[in-house]
Amino acid sequence: MPAVNWLAIFVAAMGMFVLGAVWFSTPVFLKPWMKAAGLPEGYDQKGSVPVIFGTAFVMIFIMAALLAMFTAPLDFGGTLAASLAAGFGWASLSFWMLSLFERKPLTYALINVGYITLGFALMGVVLGVWK
């Protein structure tokens with residue numbers, strides 16, 4: 001297992017987590033995403049917010065840790081390129097493919113894929129600068 005900077009991993013994970021909070025709370029994306037996902041008004045009142053957000057952060061932290069391990073031997077440019085490849089090429093396209101089978105509208109895929117791709121790019125910048 002390659003040596004990684006765990007503080008950088010935490011900061012990278014926080015970056016993607018905060019990006020998601022901003023991304024999915026802005027009027028530009030929130031209403032179209034809710035409609036495309038088929039979510040009714042008040043959907044956010046269901047479930048345990050601490051459990052949902054806590055679990056989401058743990059998942060993002062694991063993604064950041066795996067990305068750090070994958071990119072450990074790379075310089076900044078290589079880390080950013082690998083992060084974009086992982087974010088768009090694997091994670092986003094996998095999500096997009098699944099949304100096709102779920103019969104979700106293109107808007108749903110594009111909003112989510114945009115977040116995933118930018119989130120991985122952000123993590124790549126943090127991990128690439130802070131080796």
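Residue numbers count from 1 along this sequence.
- Not counting sequence neighbours, the partners of Ser92 by the side chain to side chain donor-acceptor pair (under 3.5 Å) test are Thr117.
- When every heavy atom of Pro2 is checked against every heavy atom of Ala72, the shortest pair comes out as CB-CB, 3.7 Å.
- The nearest pair of heavy atoms linking Val126 to Ala8 is CG1-O, 3.6 Å.
- Going from atom CH2 of Trp96 over to atom CG of Leu110 covers 5.0 Å, rounded to the nearest 0.5 Å.
- Applying the salt bridge (charged side-chain N to carboxylate O under 4.0 Å, His left out) test to pairs two or more places apart or on separate chains, those with a residue in residues 21-38 are Lys31-Glu41.
- In the hydrophobic clustering of ILVMFWY residues, with side-chain heavy atoms under 4.5 Å counting as a link, Val11 and Val129 come out apart.
- Applying the under-4.5 Å side-chain rule to Ile, Leu, Val, Met, Phe, Trp and Tyr, the cluster around Leu66 extends to Val58, Ile62.
- A distance of 9.5 Å separates CG in Leu39 from NZ in Lys46, rounded to the nearest 0.5 Å.
- Residue pairs meeting the salt bridge (charged side-chain N to carboxylate O under 4.0 Å, His left out) criterion with at least one member in residues 90-104: none, sequence neighbours excluded.
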Can I get a per-line list of side-chain donor-acceptor pairs under 3.5 Å for residues 73-82, giving both atom names and the distance, sequence neighbours left out?
{"from": "Asp75", "atom 1": "OD1", "to": "Gly77", "atom 2": "N", "distance (Å)": "3.3"}
{"from": "Asp75", "atom 1": "OD1", "to": "Gly78", "atom 2": "N", "distance (Å)": "2.8"}
{"from": "Thr79", "atom 1": "OG1", "to": "Asp75", "atom 2": "O", "distance (Å)": "2.9"}
{"from": "Thr79", "atom 1": "OG1", "to": "Lys131", "atom 2": "NZ", "distance (Å)": "2.9"}

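- The distance from atom CZ of Phe120 to atom OG of Ser83, rounded to the nearest 0.5 Å, is 8.0 Å.
- Side-chain heavy atoms closer than 4.5 Å link hydrophobic residues (I, L, V, M, F, W, Y) into clusters, and following such links, possibly through other members, connects Leu30 to Phe53.
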Please assess Trp130 against Leu7 for the test side-chain contact (heavy atoms from CB on, under 4.5 Å), listing each intermediate value before the final yes or no. CA-CA 9 Å; Trp130 201 358; Leu7 184 56; 3.5 Å; yes
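- When the shell of 6.0 Å around CZ of Phe10 is examined, it contains 12 or fewer heavy atoms from other residues, nucleotides or ligands.
- With sequence neighbours left out, the side chain to side chain contact (heavy atoms under 4.5 Å, CB included) criterion links Ile60 to Ala13, Met16, Phe17, Met63, Tyr115, Met123.
- How far CZ of Phe57 is from CE of Met14: 5.5 Å, rounded to the nearest 0.5 Å.
- Among all heavy-atom pairs drawn from Thr107 and Pro32, the shortest one is CG2-CB, 4.0 Å.
- Trp23 places a side-chain N or O within 3.5 Å of a backbone atom of Ile111 that can act as its donor or acceptor partner.
- Tracing side-chain contacts under 4.5 Å through hydrophobic residues (I, L, V, M, F, W, Y), one reaches Met34 starting from Phe29; they form part of the same cluster.
- Nearest approach of Ala36 to Pro105, heavy atoms of both residues: O-CD, 3.3 Å.
- Val113 and Phe24 fall within the same hydrophobic cluster, defined by Ile, Leu, Val, Met, Phe, Trp and Tyr side-chain heavy atoms under 4.5 Å apart, directly or through other members.
- Annotation: Met97, atom CE; neighbour count of heavy atoms from other residues, nucleotides and ligands within 6.0 Å is above 12.
- A continuous path of ILVMFWY side-chain contacts below 4.5 Å connects Ile116 to Val22, so both sit in one hydrophobic cluster.
- In plain terms, the two heavy atoms of Ala64 and Leu127 that are nearest each other are O-CD1, 3.8 Å.
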